[in-house]
Amino acid sequence: MDGTFTPPAPSNEPVSGYAPGSAERRRIVDVLGQMESEVWELPNWIGGQQVTTSNAVDVTMPCDHQHVIGRAHFAGSDQVNAAIDNSLAVREEWAALPWSERAGVFLKAAALLAGPFRERMNASTMLGQGKTVHQAEIDASCELIDFFRFNVQYAAEIYGEQPPVSPPGLWNRLDHRGLEGFVFSITPFNFTSICANLPASAALMGNVSVWKPSRTQAHSAQVCMELFEAAGLPPGVINLVHGAGADVGDIALTHRDLAGVHFTGSTGTFQHIWKTVGANIADYRTYPRLVGETGGKDFIVAHPSADVPTLAVAIARGSFEYQGQKCSASSRVYVPRSLWPEVRDRVVAMVEEMKLGDVRDFSTFVAAVIDERAFDKHARYLDIAKETANVVVGGGCDKSTGWFVEPTVVEVSSPDHVMLKDELFGPIVTVYVYDDTEWEALLPIVDITSPYALTGAIFATDRRAIHQATLALRNAAGNFYINDKPTGAVVGQQPFGGGRASGTNDKAGSKLNLYRWVSAHTIKENFNPPTGWRYPYLG
Ligand code: NAD
């Protein structure tokens, strides 16, 4: 087929409301009822085969941790090597397919997810990752559909980028090749959309990917693989292997054909990955591209001119939606003394109204945290808060049925309190109240308090204060918000990612990310090559 094809213009997928009585509410209640009664086998996917092993590990619901919904079949070294070998075997054929055919797979995936896969993907994300129906909808359906559709648009733009000059007699071209080898995609528990997008975005650009999901996202990873298969992705382009991070990582990260790592997860894990690649740098066929989106300690800073009602809502939503387990969740807040009593009272009133409970109860706003390790970490920090600070609201936790941690607001009296520095990744927000006269001195403190630089927000009505904060905190966040909560980046609108200890800032959901998965191949063709070797100055 010949033609310079223009993909369908992308737009953001509308968010379904799941209001009582709605058709989508009826559908998802049915799907949830069926799904919770099943125990899925969660195999590895290698070359289109679903491969089980003798090492199957229970996958349980965060809200009901004795309730098993799946058994993830952890791969041994044989399966990990088989996945890599199979990826490499299909690479050339996939890379040789016209880009519009590759794009067609992901546009089809978007259409299927907007249609028949939607409730299945959302329900799996609700049960397996502890998301309310709204949080599952905006992540597992809307954001993933947006990734698929916008990435196709960005790919088309990249392929259209060609050298601006071809003088008479010459033709200069850029061939945006996929990477020579496989891309190892390592994904976290907290966003189904990110998990599917990491291998998919690399695959769109002509790469093959070996995908290692988190055990706590294994259930919805199975739905993602079913979606890719239903969309016509050829076997082996994305191979999935389950397993403990180090077991899979030790093999894949040291493989000669590792061409890239597409990672989202904690800072510590990414630093380990980087060190491993560094230690083996002489052994690879090509320098592996390292893309990592990692931890955060995201801030909201309020100026004395801030509008209190909107600030209070931003703190409540930004800190407690999905139990504070969004990498963008606000977890440290700076409020001037003059505003604090009203801000505090409003936030406390909202938190007291938020229902903590199971995601299958549609009146729940805050559900369980992901697993026991997270629960124990939060419990430890709640103890620190009780010993060293003032717990304004919340402070309790209970792991008898699910991993439940109350939405908690802690007030500390020192700007270098540990709770303003460490990433907790739970429903705990720490507030430092500053003197109104200290505004200018506060900004550099916010800048250096934590090693991270993912998201941040300024609340002010005074335009000079907005300008001051935007400049002073320019490197303190990759995504900066003015009078809005620091969560909820939308593909196509706010490309997402952070710097410093928060990652390589390669901006998921933008063209910038896709550039990392291509290696340009410059082609110069001469229609009139010279016939003599002498230059004019030689006479
Ligand atoms: P994690 O680092 O514990 O795990 C992430 C993945 O890395 C998992 O699949 C895990 O099995 C794997 N892994 C662990 N050790 C490995 C090794 N040695 N080799 C290869 N893989 C290995 O992170 P998590 O708890 O799943 O996710 C939460 C973290 O992710 C938080 O720190 C959060 O801030 C971050 N996050 C960041 C963004 C962002 O865009 N910046 C987005 C989502 C989550």
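The residues of the chain are indexed from 1 along the displayed sequence. Whatever order the structure lists ligands and atoms in, that order sets their numbers, starting from 1.
An N or O contact shorter than 3.5 Å links Thr294 to ligand 1 by distance. Here's the thing with Lys212: one of its N/O atoms is less than 3.5 angstrom from an N/O atom of ligand 1. Close N/O approach between Phe189 and ligand 1 is found [any backbone or side-chain N/O within under 3.5 Å]. Of the polar atoms of Gly243, none of the N or O atoms is found under 3.5 Å from an N or O of ligand 1, judged by distance alone.
Scanning the protein heavy atoms around atom 3 (O) of ligand 1, the nearest turns out to be Arg373 NH2, 3.8 Å. In this structure, atom 12 (C) of ligand 1 lies nearest to the protein heavy atom Ile186 CG2, 3.5 Å.
Distance check: Asn479 CG to Asp298 CG gives 9.5 Å after rounding to the nearest 0.5 Å. The distance from the CG atom of Leu258 to the CZ atom of Arg285 is 12.0 Å, given to the nearest 0.5 Å.
Counting the atoms of ligand 1 from 1 in the order shown, those under 4.0 Å from a heavy atom of Glu423 are 31 (C), 32 (O), 33 (C), 34 (O).
A perpendicular orientation is assigned to the rings of Trp274 and Phe270, their planes being inclined by more than 60° (bins at 30° and 60°).
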Applying ring-ring contact (aromatic ring centres under 6.0 Å, His included) to His262 and Trp517, what does each step give before you reach the verdict? CA-CA 9 Å; His262 206 184; Trp517 309 120; 4.5 Å; yes
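In this structure, of Gly265, Gly268, Ser266, the residue bringing a heavy atom nearest to atom 2 (O) of ligand 1 is Ser266.
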